[in-house]
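Down below is the structure, laid out as structure tokens.
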Amino acid sequence: MGRSRSSSDQWGWIRLFDQLKRLKWLALVVAALVLMSCGLRDRQTLVREHDEEISRLNVELSSLQNKVRKLRAFSWDAYGRIVEKSRKVAAFDEDIYVERREKVKEAMLHAWNSYVKYAWGQDELQPQSMDGVNSFGGLGATIVDSLDTLYIMGLHDEFQKAREWVVTSLDFNRDYEASVFETTIRVVGGLLSAYDLSEDKIFLEKAQNIADRLLPAWDTPSGIPYNVINLSHGNAKNYDWGDSILADSGTEQLEFIALSQRTRDPKYQQKVEKVIMELRKNYPSDGLLPIYIDSDSGTPSYRSTITFGAMGDSFYEYLLKVWIQGNKTEAVRHYRGMWETSMQGLLSLVRRSTPSSLSYICEKTEDSLEEKMDELACFVPGMLALGSGGYGPQDARRFLSLAEELVWTCYNFYRSTPTQLAGENYYFYSGEDMSVGTAWNIQRPETVESLMYLWRVTGNSTYREWGWNIFQAFEKNSRVDSGYVGLRDVKTGEKDDKMQSFFLAETLKYLYLLFSPPTVISLDEWVFNTEAHPLRIIPRGDGIVSR
């Protein structure tokens, strides 16, 4: 019977169970309160720590902001000092070039005043003899060649004196067999430049007068001109060897095209452009023409020398410059095309010396190369720099780089001699870099010309420093009390007795422009003929003859 209970026992167990149940819930509540209390305490700790971190970061931020403000203040102050210093350096540099420009101007005055005193009206001064010589038939070559140099340098009194001589004494009716080339580049070019600078019509009238006397030289079966003409009688011929000279025949285009533009008379342009069209008919694939051309047939003599030196040089120069003169338009595109072809041919003539790896331009006769370079060929670096902008980026860099290499060689023509003046030509023998060939110096301008172009194209002032060194060498070795002379030998310093007219027309002018701002005779507005006479670029079609 042991499985039965009484009612009072059952209620006791029920009450006990209820108490335990309440205790369980109470424990759970207590545990929950404990957990909540811990969580709240942790949260407060985290909040406090977060606030402390925020406070610390704010302090660091404030410190950094103060440092930045100080640094900015310092940086702007430093920047201001740097800018001011740069301005002072630039001003100092410009002061140097102003001073150097004035030195060149003084040299021009010394040369001019010596000519006026001892050789007035004659072609060139003989400083040692203190008299004059008529090298060009008595056309006053030094006066006409100096007109634009005097004008550009601001020597107005001297310019007016020269002008008066042109008005009263320059007479072309002379029984004299003149070089068509020399008369064109010096006299026609000099008068046209003086006209473009001064707008004085007397210079244009004189230029047209002498050009008319030269025109019969182009009356040949091919249109390739004879290179000599009698100014009084109009009889034209070539030199004793019979053929026309490449440079002499291809270096009148700038002047005669300019004359047609300014006079609106097409005959001058027609004569000289026919020469290019004739040469273009059978233009070689490498663009390299020999120095002799048959004026009857127009055929080049391929047994003669190919060179960028004497008798070849300025033909290539004028291909580029007529394109520039013509505003680089389609009407003159064929000039640029011929020039680019010739520059590819030029690359085939470039070699490097040993041991110094100096770049130089060889001469070529048939298939034989001669390791010789004329100082005359030192116009090439300037020509390449001037023409590089017409190429695409890759070729532009290549030809500009070659220009810089070649002008370094030309500068070394000067620096390698005891007088630090260049000889007439150089030979390159293995292991010797360069050796002077013909040792005279006749005050040539070609290296200084290239320095001027390279400085203007690259902005590299190193070229101005090189030019200053060359000028100082002229001052030391060529200046005498009665003008400037050349040297018979750049190794001994022995002097000759002539002041070349191109020393005033070219060498001193290019030096003056090298130390002048590039806005002085801007290359965007002017193109130089091969005697350094600047001709104003006139829009193609404005007075020009269309073909």
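In this text, all values refer to a predicted model and were calculated from it rather than measured experimentally.
- Looking at heavy atoms from C-beta onward, Q126 lies out of side-chain contact with S482 at the 4.5 angstrom threshold.
- With 3.5 Å as the limit, one finds no donor-acceptor pair spanning the side chains of T329 and N327.
- Under the 30°/60° scheme for interplanar angles, the aromatic rings of Y463 and W466 are found to stand perpendicular.
- The closest side-chain donor-acceptor pair between E424 and W440 falls under 3.5 angstrom.
- Between the side chain of T438 and the main chain of N425, no donor-acceptor pair closer than 3.5 Å is present.
- A donor-acceptor pair shorter than 3.5 Å can be found between the side chains of N469 and Y411.
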Point to revise | From CA spacing to verdict: side-chain hydrogen bond (donor to acceptor under 3.5 Å, both in side chains), D433, S353 | key: CA-CA 5 Å; D433 281 328; S353 71; 2.8 Å; yes

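- Side chains of S478 and Q443: a donor-acceptor N/O pair is absent below 3.5 angstrom, by distance only.
- Between Q500 and P445 the shortest side-chain heavy-atom distance does not fall below 4.5 Å.
- Side-chain polar atoms of T341 and Q344 form no donor-acceptor pair below 3.5 angstrom.
- Pairing each heavy atom of F159 with each of S198, the nearest pair is CZ-CB, 4.1 Å.
- Using a 4.5 Å heavy-atom cutoff, the side chains of W455 and N460 are not in contact.
- Other residues, nucleotides and ligands place more than 12 heavy atoms under 6.0 Å from the NZ atom of K372.
- The side-chain heavy atoms of L150 and M108, taken from C-beta on, include a pair separated by under 4.5 Å.
- Salt bridge status for R303 with E366: absent, with no side-chain N to carboxylate O gap under 4.0 Å.
- Judged purely by distance below 3.5 Å, without hydrogens or angles, the side chains of Y360 and E371 pair a donor atom with an acceptor atom.
- Side-chain contact annotation: T530 with E317, donor-acceptor N/O pair under 3.5 Å present.
- Remark: the T142 side chain and the E124 side chain contain no N/O donor-acceptor pair separated by less than 3.5 Å.
- Both cation-pi conditions hold for R336 and Y391: the charged atom is under 6.0 angstrom from the six-membered ring centre and inside a 45 degree cone around its axis.
- The aromatic rings of Y453 and F528 sit perpendicular to each other, their planes meeting at more than 60°, with 30° as the lower class boundary.
- If you check the side chains of E273 and Y335, you find a donor sitting under 3.5 Å from an acceptor.
- V133 approaches K498 most closely through the heavy-atom pair CG1-CE, 4.3 Å.
- Side-chain N or O atoms of D489 include none that pairs as donor or acceptor with a backbone N or O of G493 at under 3.5 Å.
- Closest approach of S304 to S301, counting heavy atoms only: OG-O, 2.5 Å.
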Point to revise | Residue pair E525, S522: steps toward the side-chain hydrogen bond (donor to acceptor under 3.5 Å, both in side chains) verdict | key: CA-CA 5 Å; E525 300 173 12; S522 167; 4.8 Å; no

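- Looking at heavy atoms from C-beta onward, L451 lies in side-chain contact with I470 at the 4.5 angstrom threshold.
- H533 places none of its side-chain heavy atoms less than 4.5 Å from the side chain of W526.
- No side-chain donor-acceptor contact under 3.5 Å links D374 to the backbone of A377.
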Show me, pair by pair, the donor-acceptor contacts under 3.5 angstrom made by side chains of residues 185-196, not counting sequence neighbours?
unit_1, atom_1, unit_2, atom_2, d
R186, NE, E182, OE1, 2.8
R186, NH1, S501, OG, 2.5
R186, NH2, E182, OE1, 3.3
S193, OG, D148, OD2, 3.0
S193, OG, P534, O, 2.8
D196, OD1, R262, NE, 2.9
D196, OD2, R262, NE, 3.3
D196, OD2, R262, NH2, 2.8
D196, OD2, R536, N, 2.9

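- The backbone N or O of M277 sits nowhere less than 3.5 Å from a side-chain atom of H334 that would complete a donor-acceptor pair.
- Taking the side chain to side chain contact (heavy atoms under 4.5 Å, CB included) definition, one finds that K271 meets it with L215, W218, D219, sequence neighbours left out.
- Side-chain contact check for S342 and Y283: at least one donor-acceptor pair (N or O, by modelled atom type) lies under 3.5 Å.
- Remark: the backbone N or O of I324 is not paired with any side-chain donor or acceptor of K328 at under 3.5 angstrom.
- Judged purely by distance below 3.5 Å, without hydrogens or angles, the side chains of E255 and Y318 pair a donor atom with an acceptor atom.
- Side chains of S401 and E405 form a contact here, defined as non-hydrogen atoms less than 4.5 Å apart.
- Residues N238 and S244 bring a donor and an acceptor atom of their side chains to less than 3.5 Å of each other.
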**Study point:** Candidate pair E449 and R456, rule salt bridge (Lys or Arg N to Asp or Glu O under 4.0 Å), full reasoning
**Key:** CA-CA 11 Å; E449 172 186 359; R456 290 222 179 165; over 6 Å; no

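- D145 and E531 get closest at one heavy-atom pair: OD2-OE2, 2.8 Å.
- The nearest pair of heavy atoms linking Y316 to G287 is CE2-O, 3.4 Å.
- Side-chain contact between W339 and M383: present, with at least one pair of heavy atoms (C-beta onward) separated by less than 4.5 Å.
- Look at K495 and D497 and you find no salt bridge, because none of the NZ, NE, NH1 or NH2 atoms lies under 4.0 Å from a carboxylate O.
- Contact detail for V180 and A217: the closest heavy-atom pair is CG2-CB, 3.8 Å.
- Considering T417, V490, V436 in turn, V490 is the only one that fulfils the side-chain contact (heavy atoms from CB on, under 4.5 Å) rule with N441.
- When each of Y484, Y115, W112, F471 is checked for a ring-ring contact (aromatic ring centres under 6.0 Å, His included) with F503, only Y484 meets the rule.
- For the residue pair T419 and N477, no side-chain donor N or O sits within less than 3.5 Å of a side-chain acceptor on the partner.
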